[in-house]
Amino acid sequence: MTTPVPPDGTTPTGPQPQDHDPWAPPTHPDGVPRPPFPPSELPHLPPQLGGVPHPPYPMQTSQPRNGMGVTALVLGLVGVLLGVFIILFWMSWLPALLAVIFGSVGLSHARKGRATNKAMALSGLVLGIVGLLIAAGSAVFTVVAVKHVVDSTRAKVKEADEAKESAAAAEKARHLSFGEPYTFGNGLKVTVSKPTPFTPDEFANGHDKGNKAVQVTVTVVNTGTERIEVETGLPDVNDADGASAHLVIDGSGRQKVITGYVLPGRKAVGKYAFSLPPDAAHRVEVEFSPDAARWDDAYWSGPNR
């Protein structure tokens, strides 16, 4: 390409027109070449074909997956707190178990670099295991405690039933027929004979005309090794209607009241007369206790005919 010369023969200065080159980069007035396209519009040709390599895009970093560790820690704390309360142990095992599961997953994520809270996940796992142990221990404690209460209640009920049965048996044992012996807790064996007819004298007190008088004989034997005092040696007699009969006292000297001590192996005999209505004299019941303050009365009964 030639440079045009002015008619005066002087050499031109400054930028001169040139032949147009379609592949030449455009120039600016300052003479500095500029690329025909901005970098974002450069053709993406492979380097081996003379292309300009595209600048690499920045890689996007993923967020750490810390949710499992946080969840494990929260559930572990809930499981332990619920397990501390014995009555809530049945609610603690589920969050504790979930804490173990989520803690294990969180630790797996931390080992693979997907999470950054390895310590939190490990804490949740440990708390979950502790919560499960507390729940199991609370369950065992509750079962043992309930069993103890049930056994204690059953034992008390059994003792009460046995006490009732014993009381019923003792009550039944204290009801005898005439002529049968009964031994009180102090070792005195008492026998009441069948009443026999009694005829009061003319000076008798407590006998109404038309009534039927009977004599009751009480025999007391000391079966122990020490002397025993008879505190109440006077029996009570009831007629067939359950009404108390009147004690008859006369001057014949046939009545004898048991008083004082009964020596070991010895016996004391008391004789007492009572007046019964004629329409209620066919059956008699005699009550007697050597010490009414300590021992319940024994009862002897039977027909009076």
Side-chain angles (χ1 to χ4, degrees), residues 166-305:
S166 177
E171 179 69 18
K172 183 178 180 181
R174 288 187 292 109
H175 288 75
L176 308 103
S177 298
F178 288 125
E180 294 181 345
Y182 179 80
T183 303
F184 288 86
N186 57 2
L188 292 180
K189 183 172 68 173
V190 179
T191 305
V192 177
S193 302
K194 182 179 178 180
T196 58
F198 180 81
T199 304
D201 60 16
E202 55 183 359
F203 303 105
N205 183 20
H207 179 69
D208 296 332
K209 187 176 181 180
N211 285 358
K212 182 177 180 181
V214 295
Q215 179 174 278
V216 175
T217 302
V218 178
T219 303
V220 177
V221 178
N222 186 353
T223 61
T225 58
E226 298 180 357
R227 66 174 188 171
I228 301 175
E229 184 178 7
V230 179
E231 298 286 347
T232 53
L234 187 66
D236 290 328
V237 176
N238 301 319
D239 59 22
D241 295 332
S244 296
H246 296 288
L247 178 65
V248 177
I249 299 177
D250 66 2
S252 62
R254 289 174 292 176
Q255 290 87 13
K256 182 179 179 181
V257 179
I258 301 176
T259 58
Y261 291 91
V262 180
L263 298 178
R266 305 295 295 273
K267 69 178 180 179
V269 179
K271 296 184 178 182
Y272 312 90
F274 293 88
S275 178
L276 302 171
D279 56 347
H282 59 279
R283 186 172 183 85
V284 177
E285 182 182 68
V286 179
E287 301 178 28
F288 182 82
S289 173
D291 189 348
R294 296 182 57 192
W295 313 106
D296 293 331
D297 288 339
Y299 302 85
W300 287 262
S301 60
N304 190 34
R305 295 180 180 176

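Under the side-chain contact (heavy atoms from CB on, under 4.5 Å) test applied with P181, the options T191, T223, V192 reduce to a single match, T191. For the pairing with L234, the side-chain contact (heavy atoms from CB on, under 4.5 Å) check across L247, T259, I258 returns one residue only, L247.
With W300 contributing its side chain and E180 its backbone, the two residues share a donor-acceptor pair below 3.5 Å. Judged by distance alone, with hydrogens and angles left aside, the side-chain atoms of D239 form no donor-acceptor pair with the main-chain N or O of A280 at under 3.5 Å. The closest donor-acceptor contact from the side chain of T183 to the backbone of L188 lies at 3.5 Å or more, if one exists at all. One N or O on the side chain of D201 and one on the backbone of G251 form a donor-acceptor pair closer than 3.5 Å.
Heavy atoms only, all atoms of each residue included: G302 and R283 are closest at O-CG, 3.4 Å. A pairwise comparison of heavy atoms in N186 and I228 identifies O-CD1, 2.7 Å as the closest pair. Counting all heavy atoms, side chain and backbone alike, P277 lies closest to N211 at CA-OD1, 3.8 Å. Across all their heavy atoms, V214 and P195 have their closest contact at CB-CB, 4.0 Å.
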**OP:** Test side chain to side chain contact (heavy atoms under 4.5 Å, CB included) on R254 and F198 and set out the steps.
**Re:** CA-CA 10 Å; R254 289 174 292 176; F198 180 81; 3.1 Å; yes

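Between the NZ atom of K194 and the OG atom of S177 there is a distance of 11.0 Å, given to the nearest 0.5 Å. To the nearest 0.5 Å, atoms OG (S275) and NZ (K212) are separated by 11.5 Å. Distance check: Q255 CD to Q215 CD gives 7.0 Å after rounding to the nearest 0.5 Å. The line from CG of N222 to NZ of K267 is 13.5 Å long, rounded to the nearest 0.5 Å. In this structure, OH in Y261 is found 4.0 Å from CD in E229, a value given to the nearest 0.5 Å.
Between F184 and Y182, the two ring planes are perpendicular [angle over 60°; tilted spans 30° to 60°].
Side-chain contact between V286 and F178 is present, with heavy atoms from C-beta onward closer than 4.5 Å.
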